[in-house]
Engineer: 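Pasting a structure here, questions to come.
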Amino acid sequence: MSNILYPELPSHSLETNTKYFGIGHEDSHRAMADVMASHELWKILMEASLPLTPEQRQQLEELQKRSRWPLLDFFLQDRPVHKHPLSVPDTRYYHPTRLEPTSVADRQEHLLVHAKGTDPVDVALSVDSKQKTLYIAGYEHTLEKLHQVFPEAYWLLSPYSYLSEGKKQQLWQKPQLDDAETTFLLKTVLYPQAISREELCLSHPERSIWRELHVTPDDPAEEGNHYRQAYQASLQTPKVIASHFQVLNHPEYLEHFDQLVILEPHLLEDNATTTWGKWLNLEQWLEQSKDDAWKRQGEYLFAQVQKLGNAIIPTSQYPEHVVLTELIVESNEFIRLRSAILELNNEIKDPELNAYLKYYLAFFQSQDASWVRWFTVDPKRGVSINIAPLSVKALLKKHLFDKTN
């Protein structure tokens, strides 16, 4: 109930609730003290109420028909609108410190600040200016601190953090809803402006539902796609915060900004390899098509890959990795695999499968020294083939370090 009624709380543990609602809880984690604190908290939560529009009330009544969650009645009761004021402690999570130089407004050249041992957010503050600025960082906690220091900035999350409106409507069509599905939909009714995982403040059971309901790359780029809406809204904001992964997935996004502040740059290469690399195994192959011929070819191909991988790497209880060497590429087994994939590429007429095959072709055929190719032999998942940029500096340079103001 705390999670639904007070999503703004930093967490929904008993300790956090008692602190924010001013409930005495001196002997926490002792049975009777926890019972008494829970009882006081329950009384506060039961006094809370939220305003409902006629449309929201209709949606909740529809939800009630298909759910056995007992607390839906609570939200449909007619009571004066009331929310208990939160007792926010007078403390700050982050205390920023400005570095020199204090301003780089209207610079026309690149500024590289070596700030080893300094908080990345302090670096961001030191290069604050009136230009249209994109702050990118690698770690989630750095992004959170940036958002705290620049509350007016737009935080563009990854597509997987946004709710798919179409998938949400599919959930509404289910004839029976379990408790987690009910509370998830309840939140979307009570907070219709919440379109991201963070805004919806998901409980643990609801997170598994989220895996089926978030935006994915194949979702249509139409008005109901909340990620596309957020993407467009961010372009209208003078300051934007985004992750390395977000920018690497959409490098053209950088062209909309006058100034880039690249924080935690030591993570760029690893993050780019993760973003642009591919990991492929039999399970993924079979997911691409239900065609019997495709299935037979995949089973044959990966049986040979498994055989080659087991020949290269002795049996191990842990996943082992082997980068392709000239000796492996010239082996009879590898040559047979390459012939099989080339033959399959000539036979396949489905454009989507042909596009998928290009990664396999790159693995078996490419001689490009800027890409690294390796086998992973996993005792649980079998052998997979992996390809990724050996060095992403040249790829990053085009968009990041050669960008002109």
Side-chain angles (χ1 to χ4, degrees), residues 1-53 56-57 59-60 63 69-96 121 140-155 157 161-163 179-180 182-207 209-210 230 239 241:
M1 290 297 285
S2 162
N3 179 279
I4 295 168
L5 291 166
Y6 293 90
E8 63 269 32
L9 284 174
S11 89
H12 298 276
S13 65
L14 181 59
E15 286 77 11
T16 298
N17 274 276
T18 54
K19 178 173 70 175
Y20 275 79
F21 289 114
I23 299 170
H25 192 199
E26 297 177 1
D27 200 10
S28 63
H29 298 300
R30 304 299 299 172
M32 185 53 69
D34 284 357
V35 167
M36 296 301 291
S38 298
H39 179 61
E40 291 302 313
L41 174 60
W42 179 253
K43 288 193 292 185
I44 288 174
L45 295 177
M46 288 298 99
E47 290 174 358
S49 60
L50 299 170
L52 290 181
T53 65
Q56 286 174 311
R57 179 172 291 278
Q59 287 177 302
L60 292 188
L63 196 57
W69 192 58
L71 290 172
L72 269 177
D73 286 334
F74 166 82
F75 293 94
L76 284 165
Q77 291 171 8
D78 289 318
R79 299 193 310 278
V81 176
H82 168 73
K83 280 191 76 171
H84 192 286
L86 295 176
S87 175
V88 182
D90 187 23
T91 58
R92 290 194 65 190
Y93 172 65
Y94 175 66
H95 301 276
V121 181
E140 188 73 18
H141 62 82
T142 303
L143 295 167
E144 290 173 356
K145 287 163 69 176
L146 279 170
H147 195 236
Q148 182 185 14
V149 171
F150 300 117
E152 76 283 4
Y154 196 104
W155 186 356
L157 304 167
S161 290
Y162 291 96
L163 177 63
D179 289 356
T182 301
T183 55
F184 184 95
L185 290 174
L186 172 64
K187 289 177 182 179
T188 67
V189 173
L190 296 177
Y191 305 104
Q193 301 306 313
I195 58 172
S196 72
R197 178 176 53 192
E198 287 73 12
E199 291 171 317
L200 285 166
C201 189
L202 301 183
S203 65
H204 184 72
E206 292 162 354
R207 289 173 199 157
I209 299 171
W210 181 262
K239 291 183 179 179
I241 299 165

Engineer: First locate atom CD of E8, then atom OH of Y20, and finally report the distance between them rounded to the nearest 0.5 Å.
Structural biologist: 10.0 Å
Engineer: Look at the side chain of Y162 and the backbone N and O of I195, then say whether any donor-acceptor pair between them is shorter than 3.5 Å.
Structural biologist: no
Engineer: Residues in salt bridge (Lys or Arg N to Asp or Glu O under 4.0 Å) with R57, at least two apart?
Structural biologist: D78
Engineer: Check whether any side-chain heavy atom of M36 lies under 4.5 Å from a side-chain heavy atom of M32, and answer yes or no.
Structural biologist: yes
Engineer: Would you mind reporting whether L45 and F74 have side-chain heavy atoms less than 4.5 Å apart?
Structural biologist: no
Engineer: Look at the side chain of S161 and the backbone N and O of S196, then say whether any donor-acceptor pair between them is shorter than 3.5 Å.
Structural biologist: no
Engineer: With heavy-atom distances below 4.5 Å as the criterion, would you say the side chains of L200 and W210 are in contact?
Structural biologist: yes
Engineer: Please examine the side chains of L5 and L50, heavy atoms only from C-beta on, and report whether any two atoms are closer than 4.5 Å.
Structural biologist: yes
Engineer: Scan side-chain atoms only and decide if S2 and N17 contain a donor-acceptor pair under the 3.5 Å cut-off.
Structural biologist: yes
Engineer: Within this structure, what is the CG-CZ distance for the pair L186 and F75, rounded to the nearest 0.5 Å?
Structural biologist: 5.0 Å
Engineer: Answer with yes or no after comparing the ring centroid distance for F21 and Y6 against a 6.0 Å cut-off, counting only values under it.
Structural biologist: yes
Engineer: Could you tell me whether the side chain of H12 reaches within less than 4.5 Å of the side chain of C201, counting heavy atoms only?
Structural biologist: yes
Engineer: For E26, look at atom CD and say whether over 12 heavy atoms of other residues, nucleotides or ligands are found less than 6.0 Å away.
Structural biologist: no
Engineer: How long is the gap from NZ on K43 to CD on E40, to the nearest 0.5 Å?
Structural biologist: 3.5 Å
Engineer: About how many Å separate CD of E206 and CG of N3, when rounded to the nearest 0.5 Å?
Structural biologist: 6.0 Å
Engineer: Atom NZ in K83, atom CD1 in I44: separation rounded to 0.5 Å?
Structural biologist: 13.0 Å
Engineer: Please lay out, stage by stage, how L41 and T18 fare under the test side-chain contact (heavy atoms from CB on, under 4.5 Å).
Structural biologist: CA-CA 7 Å; L41 174 60; T18 54; 5.5 Å; no
Engineer: If you round to the nearest 0.5 Å, how far is OG1 of T183 from NZ of K187?
Structural biologist: 6.0 Å
Engineer: For W42, give me all partners under side chain to side chain contact (heavy atoms under 4.5 Å, CB included), at least two apart in sequence or on another chain.
Structural biologist: M1, M46, L71
